[in-house]
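Read the structure below first, then the notes.
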Amino acid sequence: MSGFRPARLCAAIALGAAALVSFSSAHAAEGDTPRVALVMKSLANEFFRTMEDGAKAYQKENPAQFELIANGIKDETDTSAQIRIVEQMIVAKVDALVIAPADSKALVPVIKKASDAGIKVVNIDNRLDPEVVKSKGLDVPFVGPDNRKGARLVGEYLAQNKLNAGDEVGIIEGVSTTTNAQQRTGGFKDAMEAAGMKIVGVQSGNWEIDRGNAVASAMLNEYPDLKALLAGNDSMALGAVSAVRAAGKKDQVQVVGYDNINAIKPMLKDGRVLATADQFAARQAVFGIEAALKLVKGEPTGAKDGVIETPVELVTKP
């Protein structure tokens, strides 16, 4: 290898595009350890910090297999910043890119640039829009869980244990332009409609605690008979729990989430959150990295119809 290690690469990236050009020749020669860039969404979200930690731990266990460059953005909607990171990775001539896109459509053009530059690309967490990917002539495997299935499991548990047919419920959606937000909302709707609940609203909480709190507060105010808030991730569920408490409706309005982050676990235990779904954050990036390394080696990934499905499980009170 040329002598550039991940820490040095990250430092160089921080210096800007001019510095990137200076190490672009560090692209792995044939036979050298491949460099894998992991590009995540907001590192303010515990889910992605856990994902990053899992990837770093895996790299330490397999130092001869690959080098890791991990990046993330400051908030869930900063699509332009994520595009810039991918462009930096193209200039750095990494061997593979494993990305959890902030937007299912907007990231496709820059991913096309990466693919055209010979970088192997794997999509994790939030699936790129299949039609847009196809229109660009791309073949990018998606490695991740069935989000609709996971949300449906959460919704079914809520309906079976705490609701009665006709009860009013609200859905707090993630960033609406992302496939995983749409799929989770679809799963929640599947469960609520099958159980005969009345969905009074679907509003975006942008995957964030504060925005989730604001949306939950507005729904609780507008619909005084609301019986449950179904949040598309646990960060928004945390915000919903605060809103329920502020409205004086603890034990009257159920809250469910998705992701099983550490911050939600005490709330599952004491009942402030009824259920969530675990898609194994610490393994998410690892699954993607494993697929990327197979692509670098020219090996089949095992994808079926462009998808490598990973586990998702219902989590309730321990």
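Values reported hereafter were calculated over all heavy atoms of this structure, with side chains retained and with hydrogens, waters and symmetry mates removed.
More than 12 heavy atoms of other residues, nucleotides or ligands sit less than 6.0 Å from atom CG of D53. Within a 6.0 Å sphere centred on NZ of K249, heavy atoms belonging to other residues, nucleotides or ligands number more than 12. For N161, the CG atom sits in a packed shell: over 12 heavy atoms of surrounding residues, nucleotides or ligands are nearer than 6.0 Å. In this structure, K189 places its NZ atom where only 12 or fewer heavy-atom neighbours from other residues, nucleotides or ligands lie under 6.0 Å away. Within a 6.0 Å sphere centred on NZ of K265, other residues, nucleotides and ligands contribute more than 12 heavy atoms. By the neighbour-count criterion of 12 heavy atoms within 6.0 Å, atom CG of D270 is densely surrounded, having more than that number from other residues, nucleotides or ligands.
Panel note: side chain R49, backbone A44; a donor-acceptor pair is recorded below 3.5 Å. A distance-only check finds a donor-acceptor pair linking the side chain of S204 to the backbone of G174 [under 3.5 Å]. A donor-acceptor pair under 3.5 Å is absent between the side-chain atoms of D95 and the main chain of P34, judged by distance alone. Side-chain atoms of D78 come within 3.5 Å of backbone N or O of A81 as a donor-acceptor pair. The backbone N or O of A92 lies less than 3.5 Å from a partner atom in the side chain of R35, making a donor-acceptor pair. In this structure, the side chain of Q82 engages the main chain of M40 through a donor-acceptor pair within 3.5 Å. The main-chain N or O of V200 is found under 3.5 Å from a side-chain atom of Y223 such that the two form a donor-acceptor pair. For the pair D259 (side chain) and I261 (backbone), a donor-acceptor distance under 3.5 Å is absent. Between the side chain of Q183 and the main chain of A151, no donor-acceptor pair closer than 3.5 Å is present. When atom types are taken as modelled, the side chain of S235 and the backbone of N45 share no donor-acceptor pair closer than 3.5 angstrom.
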Can you list, pair by pair, the side-chain donor-acceptor contacts under 3.5 Å of residues 101-121, counting residues two or more places apart and other chains?
from	atom 1	to	atom 2	distance (Å)
D103	OD1	K105	N	2.8
D103	OD1	A106	N	2.8
D103	OD2	T177	OG1	2.8
S104	OG	N126	OD1	3.3
S104	OG	N126	ND2	3.1
S104	OG	R127	O	3.0
S104	OG	T179	N	2.7
S104	OG	T179	OG1	2.9
K112	NZ	D116	OD1	3.4
K112	NZ	K136	O	3.2

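M89 and V140 fall within a single hydrophobic cluster, where Ile, Leu, Val, Met, Phe, Trp and Tyr side chains are chained together by heavy-atom contacts under 4.5 Å. Hydrophobic clustering, with ILVMFWY side chains joined whenever heavy atoms are under 4.5 angstrom apart, keeps L220 apart from L274. Under the 4.5 Å side-chain heavy-atom criterion for ILVMFWY residues, no single connected hydrophobic cluster contains both M197 and M219.
Partner of Q279 under the side chain to side chain contact (heavy atoms under 4.5 Å, CB included) criterion, chosen from N260, N147, T310: N147. Put simply, the residue from N233, T185, T178 that forms a side-chain hydrogen bond (donor to acceptor under 3.5 Å, both in side chains) with E173 is T185.
With values rounded to the nearest 0.5 angstrom, I199 atom CD1 is found 12.5 Å from D167 atom CG. From D146, atom CG reaches atom CG of L153 across 9.0 Å, with rounding to the nearest 0.5 Å.
The nearest pair of heavy atoms linking W207 to M236 is N-SD, 3.4 Å. Counting all heavy atoms, side chain and backbone alike, L38 lies closest to E52 at CD2-CA, 4.5 Å. Taking both residues in full, the closest heavy atoms of N71 and I85 are given as CB-CG2, 3.7 Å, listed atom of the first, atom of the second, then distance. Shown here for I172 and G212, the closest heavy-atom pair between the two residues is CD1-O, 3.9 Å. Closest approach of G150 and V312 over heavy atoms only: CA-CG2, 3.9 Å. Closest approach of I289 and A55 over heavy atoms only: CD1-CB, 3.9 Å.
No hydrogens or angles considered: a donor-acceptor pair under 3.5 Å links the side chains of D234 and T276.
Relative to the six-membered ring of F287, R283 meets both conditions, a distance below 6.0 Å and an angle of at most 45° to the axis.
Here the two rings, on Y58 and F66, have centers that are under 6.0 Å apart.
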| side-chain contact (heavy atoms from CB on, under 4.5 Å) evaluation trace for R152 with E156 | CA-CA 6 Å; R152 186 175 66 248; E156 287 172 348; 3.4 Å; yes
